[in-house]
Number of protein chains: 2
Amino acid sequence: MKKKTRYVLLGLLQEEDLSGYELKQIIDKRMRFFWQESYGQIYPELKSLLVEGMIEEKQEESGTKREKVRYHITDKGREEIYTWLLEENEKDTTRSEFLLKLYVSQKKDWATMRKHIEIFMDQAKMQLEFFELYHAQLTSCIELHENHRQIVDVLNLGIGQQRLYITWCEDLLKRES
Amino acid sequence: MKKKTRYVLLGLLQEEDLSGYELKQIIDKRMRFFWQESYGQIYPELKSLLVEGMIEEKQEESGTKREKVRYHITDKGREEIYTWLLEENEKDTTRSEFLLKLYVSQKKDWATMRKHIEIFMDQAKMQLEFFELYHAQLTSCIELHENHRQIVDVLNLGIGQQRLYITWCEDLLKRES
DNA sequence: CATGTCATGTAAGTGGTTACATGATTTT
DNA sequence: AAAATCATGTAACCACTTACATGACATG
């Protein structure tokens, strides 16, 4: 799979000026269920984008706060995203150690798997709680970003997914073997 | 994320003797929605497992067919799986270029995204059709494997997921902007 | 007899994580 | 004063894919 780091960064910078650290935070909190990036990808990629003229530095006019470099997208950067949007998508990839374990587990392993299912369900519940809070925030406030609508759309899928996971876990746990 | 290739292979070999090629096929067709492996991982890993005594070769008593090497799991291999099952699971990871695009797309990109959504929905429909067929096969026949039940469980989640995707896509496409 | 699928492999390259280094600022 | 978090970065390592090579057997 080709590296897509630049598109995440540019995509978020399209809406507001952000630093590398802030970008990482947003990806971790809000995009976790369909995307992830590490600092080892983010910082070098920001440098490349800078060199290529896709983004530019915006020095913070600092009062008391330590100065932090935020990046601002350029027209070239917007074009980069636009052409990417037109391309075909690569197939989604998922790796779930939990589902792998469940798939290969046998009757004798049920006690162990039960615990894993409970943990998985708890994680889904916490994830759902967070998503619902975020959803409420988004729908109550005015549209801050151009892609407000799209964020809600994706979030709705995330919510649906967590609910599915939870009921599926509950069904499994009802059985005693 | 630590490499988990050995557990997929051992997990499948726990149920029946299979060749590298057959293992790859099963992973691609039946486990695609939560796991994937390439030949570049499978063949070298089989060699390692052989050296470590987790599996052993079973020469096919060949009639007309070209002889093909199937692997058979050993007690040591079964133990390896067993201890892995007890470990904590790493967090699931997903990368969906489609959802990433939707997330960062704006109102002006709607026409493009509409096409992507249609393609995504079609893929989900095909996936669902295949899962339902496989589900029918599994529930109609006698339990061939120790993990028959578990396969159906995971499959049920897969089916639920595809259905969720489809209705979510339909809702999105109802809107005209 | 050519094309496709079966079947096994490997080397090179890319994608991605982890661990570490550094130091400022904030919180306890 | 210590611990946590903010903030930026990099090098080494690991995981994984891709492209290629090889050849047998099957199908039209």
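Numbered from 1 within each chain, the chains take letters A, B, ... in sequence-line order. What's counted below: heavy atoms across the whole structure, side chains too, no hydrogens, waters or symmetry copies.
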So, is A/Arg95 close to the D/dA15 phosphate, meaning a side-chain N or O under 4.0 Å from OP1 or OP2? no
Touch check for B/Ser19, heavy atoms < 4.0 angstrom, all strands: base, sugar-phosphate only, or nothing? sugar-phosphate
Would you please name every residue forming a side-chain hydrogen bond (donor to acceptor under 3.5 Å, both in side chains) with A/Glu132, sequence neighbours left out? A/Arg163
Can a cation-pi geometry be assigned to B/Lys24 and B/Tyr39, taking NZ or CZ under 6.0 Å from the six-membered ring centre and within 45° of the ring axis? yes
Are B/Glu16 and B/Arg70 ion-paired here, with the side-chain N under 4.0 Å from a carboxylate O? no
Between B/Tyr21 and C/dC6, does any side-chain N or O lie under 4.0 Å from OP1 or OP2? yes
Hydrophobic clustering (ILVMFWY, side-chain heavy atoms < 4.5 Å, transitive) - are A/Val8 and A/Ile42 grouped together? yes
Does B/Val152 belong to the same Ile/Leu/Val/Met/Phe/Trp/Tyr cluster as B/Leu128, with side-chain heavy atoms less than 4.5 Å apart forming each link? yes
Looking at residues at least two apart in the chain, or sitting in another chain, which of them share a side-chain hydrogen bond (donor to acceptor under 3.5 Å, both in side chains) with B/His116? A/Asn89
Enumerate all atom pairs, one protein N or O and one N or O from nucleotides 9-12 of chain D, separated by less than 3.5 Å.
from  : atom 1 : to      : atom 2 : distance (Å)
D/dG9 : OP1    : A/Lys47 : NZ     : 3.3

Please tell me which of B/Thr93 and B/Gln25 maps to the more 5' nucleotide of DNA chain C, matching each residue to the nucleotide holding its nearest heavy atom. B/Gln25
When rounded to whole Å, the CD to C1' distance for the pair A/Glu37 and C/dG16 reads 9 Å
